[in-house]
Amino acid sequence: MQELDSHKLLTSKDEGARVKIAQRIGSCLAVERLSEADRRATELIARALAQDAIERVRCELSKEIRHSKYLPRDLALMLVTLPLYCPRL
């Protein structure tokens with residue numbers, strides 16, 4: 001994912017765009033084949049998404065990473081401690 005695209009989507013007011021990036025970032029975290037630099041960048045974006053004001057964005061991220069073997073502890077704790085209601089998780 002290009003840096004400009006991710007910044008634009010993260011700062012977008014479009015809920016659908018932010019939900020899509022949460023899904024993409026979550027699925028990226030679940031795969032093993034990321035370079036160290038790509039993994040760090042993905043984790044930074046995921047941390048920003050975990051604090052998103054829109055609950056649906058946080059839900060989609062949680063749904064995508066719930067079975068990830070490569071989830072950083074601080075990100076998992078961040079998602080666990082946020083008030084979150086995901087009806088279909």
Side-chain angles (χ1 to χ4, degrees):
M1 181 175 301
Q2 293 179 338
E3 186 178 325
L4 291 176
D5 290 342
S6 61
H7 176 71
K8 183 178 179 182
L9 288 172
L10 282 172
T11 57
S12 171
K13 293 183 193 270
D14 181 10
E15 180 178 335
R18 288 177 18 209
V19 166
K20 283 185 180 191
I21 195 169
Q23 292 167 336
R24 288 175 62 192
I25 291 296
S27 63
C28 283
L29 281 175
V31 297
E32 185 177 347
R33 301 175 308 252
L34 286 179
S35 69
E36 187 63 30
D38 286 342
R39 180 156 306 279
R40 279 194 306 264
T42 302
E43 289 171 1
L44 284 173
I45 295 169
R47 286 181 184 95
L49 291 167
Q51 297 176 37
D52 198 284
I54 298 174
E55 187 172 54
R56 186 168 160 228
V57 173
R58 298 189 315 264
C59 283
E60 288 301 322
L61 180 64
S62 296
K63 201 164 41 171
E64 290 294 327
I65 64 175
R66 67 181 171 213
H67 299 296
S68 177
K69 296 177 185 178
Y70 310 101
L71 186 62
R73 180 176 170 77
D74 68 309
L75 180 57
L77 291 173
M78 190 182 302
L79 288 168
V80 167
T81 58
L82 287 172
L84 197 59
Y85 175 69
C86 301
R88 289 174 267 147
L89 213 143

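- Between atom OG of residue Ser62 and atom CD of residue Glu55 there is a gap of 9.5 Å, rounded to the nearest 0.5 Å.
- Both Ile54 and Val19 belong to a single network of hydrophobic side chains, linked directly or stepwise wherever heavy atoms of I, L, V, M, F, W or Y lie under 4.5 Å apart.
- Between the OH atom of Tyr70 and the CD1 atom of Ile65 there is a distance of 14.5 Å, given to the nearest 0.5 Å.
- Taking every heavy atom of both residues into account, Val31 and Cys28 meet most closely at CG2-O, 3.1 Å.
- The line from CD of Glu15 to CZ of Arg56 is 5.0 Å long, rounded to the nearest 0.5 Å.
- In this view, Glu43 and Leu29, Arg39, Arg47, Pro72 satisfy the side chain to side chain contact (heavy atoms under 4.5 Å, CB included) rule, not counting sequence neighbours.
- Listed for the Arg58 side chain is no donor-acceptor partner under 3.5 Å among the backbone atoms of Leu49.
- Proximity of Ile25 to Glu64: side-chain heavy atoms (C-beta onward) are nowhere separated by under 4.5 Å.
- Residues Leu75 and Ala50 come closest through the heavy atom pair CD1-CB, 3.8 Å.
- Once rounded to the nearest 0.5 Å, the distance linking CD1 of Ile45 with CG of Leu61 reads 11.0 Å.
- Residues Ala30 and Ser68 come closest through the heavy atom pair CA-OG, 3.7 Å.
- We find that Lys63 and Glu60 are joined by a salt bridge, their nearest charged nitrogen and carboxylate oxygen being less than 4.0 Å apart.
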